[in-house]
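This report concerns only the one structure given below.
All values reported here derive from a predicted model rather than from experimental measurement. Order of listing sets the numbers, starting from 1, for every ligand and every atom in it.
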Amino acid sequence: MLERARSLDAADPLAQFRERFDVPEGVVYLDGNSLGCLPRATPARLEQVVREEWGRNLIRSWNSADWIHLPQRVGGKIAPLIGAQPHEVIACDSVSVNLYKLISAALAMRPGRKVVLSEPGNFPTDVYMIEGLEKQGLAERRLVERDQLLEALDEDVALLLLTHAHYKTGELFNMEALTRAAHEKGALVLWDLSHSGGALPVHLADCKADFAVGCGYKYLNGGPGAPAYAFVATEHHIADNVEDSALRQPLSGWMGHARPFAFSDDYTPAAGVDSLLCGTPGILGLVALEVGVDLIAEIGIERLYAKSQKLSEFFRQCLAENGVEMELVSPSNPAERGSQLSFRHEEAYAICQALIARGVIGDFRDPDILRFGFAPAYLRFEDMAEAARHLAEVLDSGEWQRAEFQERAAVT
Ligand SMILES: *Cc1c(COP(=O)(O)O)cnc(C)c1O
C-alpha cells in the first residue's frame, strides 16, 4: 500500500502545498476538520502585525493598515469559496454568535411565524441557540429527523436551519432542494457551513440561500478560536438608513452602526453585512484567518474537493487491505459526504486515544464515533496508508485496552 500511496503522491498536483503548512514530523493529522494546521506564513505575518502595526504604529493602524475593514476584506475572500459575492460575507465573532444574530434577524423578517426547524443531532450550538431564543419567547424549536424535514416544513416555519455537512457523519444535505422547499412555504434558510466551507465547493447564490455561517478554524486554517463568518444574500441587505423589514440583527453594537465614529446616542444599522458587526473585531485573529483563507483560495476549492474524495476512498481501500472492518456511518458515496469518514465502534474513545499516542490524530465524537477528517491541502496518500496500518495494529493488538487510553480529557 505504501508503494501505491507514494506513486499517488508523486502524481498529485496539490502535493507541493503540504510545504506551505507546518505539519509536525511524525504526525498523521486527520483532524483538520476540528483545528486546521498552521500555515507557514502565519507566524511571520502575525509578528509583523504585532511588532509594526500594533507596536510601532499603534492606534494609527486602524487607518494606515486598514484594520477597520479587515472583517469585510477577509469575508470578501471567503465569498468565492462558498458561492457568494464579496459584499455578502463578513468575518466576525464565533459561529454561535453569528447564529444568534441571523436566527433573530430571520424571525424578525417573518412576523407571525416562530418555528425554527432543524434536525436532532445537529451540531449542539445550532440547536442550543434556537433553544435560547425559545426561552426568550422569540422562537419555537422544531427538531425532526432529516428524512422528515420536507413534511415538517409548513406555514409556521420562519427559518430552516441546517448544517450542510453533518459534523458527525459528514452526510451532505441537498442545499438546493431544501432551500427551494423552504422558500415554497415562505420560510427562510440558514446554512451552517462549518464542515463544508473550505473543504468543498458551496453554491450559496445558485441555491438561493438566504443566510449562512461558517467556521474559521477548521478547513480555513485560521487558528484556534479564529473568527467565524456570516453570509446574507444581497436581497436581504438594507439600504443605508432605510427602515424596512429587511435584515435587523439584535446585537446592535457600535461597530455595526452606519457611522460608528459619529458617537450618536441612537443606533442606525450599517448597510448590508456590515450591520452584523457588534464590537471591536479581534485584529490578530482576523490577520491569521486571512493567511489561511488566502492559501485555500490559492490552491482552489474544486481541486481540494477532488483530492479529498480520492484521499478518503484510498483510506477505505487501505483499511480493507489491512483487514479493518468497522461500521461506516458516513455515506459510502463520496459525492454524498463532506471531507471526512466516520466509523462506529463501542471502544471508539480508547481506539482514538491509542491512535493519538502513535501520532495518528483523529477525533472521537460521543458516544461511539471515530472520526477522520481529510484536509486535502496538506495530507498525503502516504498518510492514509500509515493511518490505516496503525489502526489495524491498534485493533489487532488490543492496545486500546490500556488504562491510560480510557481516561476522558476535557476536550475530546
Ligand atoms: C465547529 C462548529 C461550530 C463552531 O461554533 P463556534 O461558536 O465557532 O465554536 C458551529 N457549528 C458547527 C456545525 C460546527 O461544526
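Residue Ser94 approaches ligand 1 through these ligand atoms, each under 4.0 Å from one of its heavy atoms: 7 (O), 8 (O). Every atom of ligand 1 with a heavy atom of Asp192 under 4.0 Å away is listed here by number and element: 10 (C), 11 (N), 12 (C), 13 (C). In the vicinity of Thr125, heavy-atom distances shorter than 4.0 Å reach the ligand 1 atoms 10 (C). Which parts of ligand 1 touch His195 is read off a 4.0 Å heavy-atom cut-off, strictly below it: atoms 15 (O).
Taking CG from Leu370 and CG from Leu391, the interatomic distance works out to 6.5 Å, rounded to the nearest 0.5 Å. From Thr163, atom OG1 reaches atom NZ of Lys168 across 12.5 Å, with rounding to the nearest 0.5 Å.
Among the candidates Ile103, Asp210, Leu160, the single residue satisfying the side-chain contact (heavy atoms from CB on, under 4.5 Å) test with Leu190 is Ile103. Here the rule is side-chain contact (heavy atoms from CB on, under 4.5 Å) with Gln72, and of Val273, Val89, Leu277 only Leu277 fits it.
Using modelled atom types, one finds no donor on one side chain facing an acceptor on the other under 3.5 Å when comparing Arg248 with Ser275.
Considering only non-hydrogen protein atoms, atom 15 (O) of ligand 1 sits nearest to Lys218 NZ, 2.5 Å.
Contacts between Asp126 and ligand 1 below 4.0 angstrom, taking non-hydrogen atoms only, involve the side chain exclusively. Counting heavy atoms under 4.0 Å from ligand 1, residue Ser96 touches it through both backbone and side chain. Counting heavy atoms closer than 4.0 Å to ligand 1, residue Thr163 contributes side-chain atoms (C-beta onward) but none from N, CA, C or O.
When only interatomic distances are considered, the shortest N/O to N/O separation between Phe123 and ligand 1 does not fall below 3.5 Å.
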Assess whether ring pair (Phe, Tyr, Trp, His ring centres under 6.0 Å) is satisfied between Tyr229 and Phe231, documenting all intermediate values.
CA-CA 7 Å; Tyr229 56 92; Phe231 155 88; 9.5 Å; no

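For the pair Glu313 and Arg316, the salt-bridge criterion is met [side-chain N within less than 4.0 Å of a carboxylate O].
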